[in-house]
Number of protein chains: 2
Amino acid sequence: MRPTVNDIAREAGVSLATVDRVLNERPGVRPRTVQVVTEAIARIGYVRDLAAANLARGRSYRIACLLPDTESQFLATVEQAIHDAAAAAVVSRTEVETLRFPAEDPHALVAILAGLQAQGISGVAIMAPETPHLRDAIRSLRHAGVAVVALVSDLPNTGRDHFIGIDNVTAGRTAGVLMGRFLSGNPGQIMVVAQSLLSRDALERRRGFDAVVQADFPGLEVLQTLEAHGSPDILRRAVFEMSRHAPQLRGVYVLGSGHRVIGAALADLGLARRVVVIGHEMTPHTRNALQSGTIDALVTQNTGHLARSALRVLRARIDRVPIDEGQEQIRIDIVLRENLPPMAEDPGQTPRAKPDEAA
Amino acid sequence: MRPTVNDIAREAGVSLATVDRVLNERPGVRPRTVQVVTEAIARIGYVRDLAAANLARGRSYRIACLLPDTESQFLATVEQAIHDAAAAAVVSRTEVETLRFPAEDPHALVAILAGLQAQGISGVAIMAPETPHLRDAIRSLRHAGVAVVALVSDLPNTGRDHFIGIDNVTAGRTAGVLMGRFLSGNPGQIMVVAQSLLSRDALERRRGFDAVVQADFPGLEVLQTLEAHGSPDILRRAVFEMSRHAPQLRGVYVLGSGHRVIGAALADLGLARRVVVIGHEMTPHTRNALQSGTIDALVTQNTGHLARSALRVLRARIDRVPIDEGQEQIRIDIVLRENLPPMAEDPGQTPRAKPDEAA
DNA sequence: GCAAAATTGAGGTACGCACCTCAAAAATTC
DNA sequence: GAATTTTTGAGGTGCGTACCTCAATTTTGC
């Protein structure tokens, strides 16, 4: 049988109350006694039963996930993944609340964060660009004992507990080497398309991509990044315009969204399936495009893993137990048509009527 | 607050005992009453607290993992992954025992399985080729209420609860498309190397590889599979021999192990880094080879995921709760040097002195 | 309508732990 | 060495559930 607190008490020759004080770091125990108990714990190999502990504590994990209100298929996918992970986490007394905040207004986000603290939230997963306001807000949360993880895009200077996502420079490098190898040394131009280079992710990917292409595929010329700023029209025209100046266009690298428009433009230019298209993130659209061959490869991060990892890490932090680094390492997935994972089934095993009822 | 069994009783207008009988499918309740209770459960959105339930049950999960005693880096990696996953699972009252069985002797495996049943094992993960004896043994286990999952290599006709692993035909297809695209249409020969084509995995991979190359890369000729049967010497000589008959050798596809010998042979032939080498599985050696450039791509399955998934699925089966298909889907990973995940740290958060103490 | 059988209710104990109170014992101070 | 403070022990309660017993009630068969 697994040793229990009573076994510790017997082994250490102290009472249960003292063991409890030591285990939960309550005051009023002599250093010597603490040591005796600690040694007994080590000797008999006691491991706290977290399930029982949390049951006794009456602890329930209230977790908030904050996403920008930007409309994008990737964000929708992330939100769906969080929703699914939340549904699965109900059995382990975890309540998840997903909130969208106005992407343009840093103050709104700060206000929401301040509100959460009052609501008894014990963990926050947040996907947002790093601003000074946000830095302060996160510090304040952490100071109040709230666990905070950055999702998808890191917040390195905020003191967040953990970053759940991939290194976008490496993701860009991966896209770069795929592009180079798919074109195997044949010279030509590569078009790079982004919504905006203001986003940290896009910038980092471009950096990684450039580094690899320059170093390993000298025949390839990476053109200046096209920025669409969210407008399909601008994007479409830019693709047409640039293709005129690229007589040997051999590849297109899509840093973020915009696949739909780009695909259509390439088709109109007669380039569909004649240039190598590499993009990021799995969405319903990129999935279809990969299947139909209009996209050749995707460099992705598994959103399901992302969401589950966020919840697991937050719970671990709240419980003050170590995390399993290997499990929480988000991999950079290369997806071709051949290894496209099958479509996920409908996951809701216990759909809750009102996920946000407990306000 | 989350509804509890008492809330069900109140809502349904029955006693706690009746609710309990319904929840745990105990006999002695009229169908009508069962329905009343079931409806009440649905109405108030009750979700059983598994932690409390298992605490009350005093249930502890005893799980056995059976691996062949064959020596291979991949197997060692799998065993290590299981060991790590087991260490992390201690906190959730899960005990894992890893056993190696003589690969050559089907009766020994059957004997071990029969023994497990007596030992009060409630779940078994097994990696073994399917034989009639094994089929019967697994059926018998399942009949006795033991959950059984197949690991890495499926046992489709045994009635196993679940298969934890990848589809090797698809993995072979993925390797094939990578090979074809890395060679971008240039004609030439591809050498295929295996330990033995008797293994189901190797056969399936070869099938997938061939299908893709034939369909999509007509310029490539896939040579007959070299079989080494475990002997480095045979393998080395076969590689030399075949390279003589392949004037335009452009690629090498390694179905299983043997990378070390093949790499050396290719170097001696002056072909290192001049042919595209694609292999399977992440091991210390393939990892190094990928990093040094003597292997161009690996098609892998994450062994950490494999091990954790096995334990999760077994626990879910024992608890009779549904599994999260999305989470248990083992992905076919494409690993290039650029997206090689960082080396795992030493994982043992709570190393147990004697993992097999509870015999 | 009566006996037998089936169903339901009431209540208890236990799982491993957290957290509380109060008194007893030990250590410290002057 | 008496007064004070600190440390320790003993005991209880509850978290949400499983599982058990025994009696009370309802239903069924004849």
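When distances run from any side-chain atom of B/Arg30 to the nucleotides C/dA18, C/dT7, D/dT8, the shortest one goes to C/dT7. Taking every side-chain heavy atom of A/Thr33 into account, D/dT8 is the closest of D/dT8, D/dT17, D/dA18. Of the candidate nucleotides C/dC15, D/dT17, D/dT21, D/dT21 has the atom nearest to the side chain of B/Arg21. Picking from D/dA10, C/dC15, D/dT8 the nucleotide with the shortest atom distance to the side chain of A/Ala17 gives D/dA10.
Along DNA chain D, the nucleotide nearest to A/Ala52 and the one nearest to A/Val34 differ in position, and the one closer to the 5' end is contacted by A/Val34. Along DNA chain C, the nucleotide nearest to B/Val29 and the one nearest to B/Leu55 differ in position, and the one closer to the 5' end is contacted by B/Val29.
With respect to B/Tyr46, the side-chain contact (heavy atoms from CB on, under 4.5 Å) criterion is satisfied by exactly one of B/Asp7, B/Val37, B/Val5: B/Val5. Evaluated for a salt bridge (charged side-chain N to carboxylate O under 4.0 Å, His left out) with B/Glu328, the options B/Arg315, B/Arg312, B/Arg317 yield exactly one hit, B/Arg312.
Across all strands, B/Asp49 comes closer than 4.0 Å only to sugar-phosphate atoms, never to a base (heavy-atom distances). Contact annotation for B/Arg93: backbone-only contact, meaning every heavy-atom pair under 4.0 Å involves sugar-phosphate atoms and none involves a base. Residue A/Ala53 is in sugar-phosphate contact alone, with no base atom involved, counting any heavy-atom pair closer than 4.0 Å across all strands shown. Among the atoms of the strands shown, base atoms are found under 4.0 Å from some heavy atom of A/Gly28.
Of all heavy-atom pairs between B/Leu155 and B/Ala128, the closest is CD2-O, 3.2 Å.
Although no hydrogens or angles enter the test, the distance criterion places a donor-acceptor pair under 3.5 Å between the side chain of B/Thr38 and the main chain of B/Val34.
Rounded to whole Å, the distance from CG on A/Leu16 to C1' on D/dG11 is 10 Å. Rounded to whole angstrom, the span from the OH atom of A/Tyr61 across to the P atom of D/dC15 amounts to 18 Å. Atom CG of A/Asp20 is separated from atom P of D/dG11 by 16 Å (rounded to the nearest Å). Between the CZ atom of B/Arg10 and the P atom of D/dG16 there is a distance of 12 Å, rounded to whole Å. If you measure from atom CG of A/Leu23 to atom C1' of C/dC20, you get 17 Å, rounded to the nearest angstrom. Separating the CD atom of A/Gln35 from the P atom of D/dT7 is a distance of 16 Å, rounded to the nearest angstrom. Atoms CZ (B/Arg2) and P (D/dG16) sit 9 Å apart, rounded to a whole Å. Atom CG of B/Asp319 is separated from atom P of D/dT17 by 14 Å (rounded to the nearest Å).
In summary, B/Glu95 and A/Arg2 do not engage in a salt bridge, as defined by a charged side-chain N under 4.0 Å from a carboxylate O. Salt bridge A/Arg308/A/Asp84: absent, no basic N to carboxylate O contact under 4.0 Å.
Dashed line: the shortest gap from a side-chain N or O of B/Arg48 to OP1 or OP2 of D/dT17 is not under 4.0 Å. Using a 4.0 Å cut-off, some side-chain N or O of B/Thr18 falls inside it from OP1 or OP2 of C/dG9. Between B/Arg26 and D/dC19 there is a side-chain polar atom (N or O) within less than 4.0 angstrom of OP1 or OP2.
At a cut-off of 3.5 angstrom, counting only N and O atoms as typed in the model, there is no donor on one side facing an acceptor on the other between the side-chain of A/Arg57 and the base of D/dG14.
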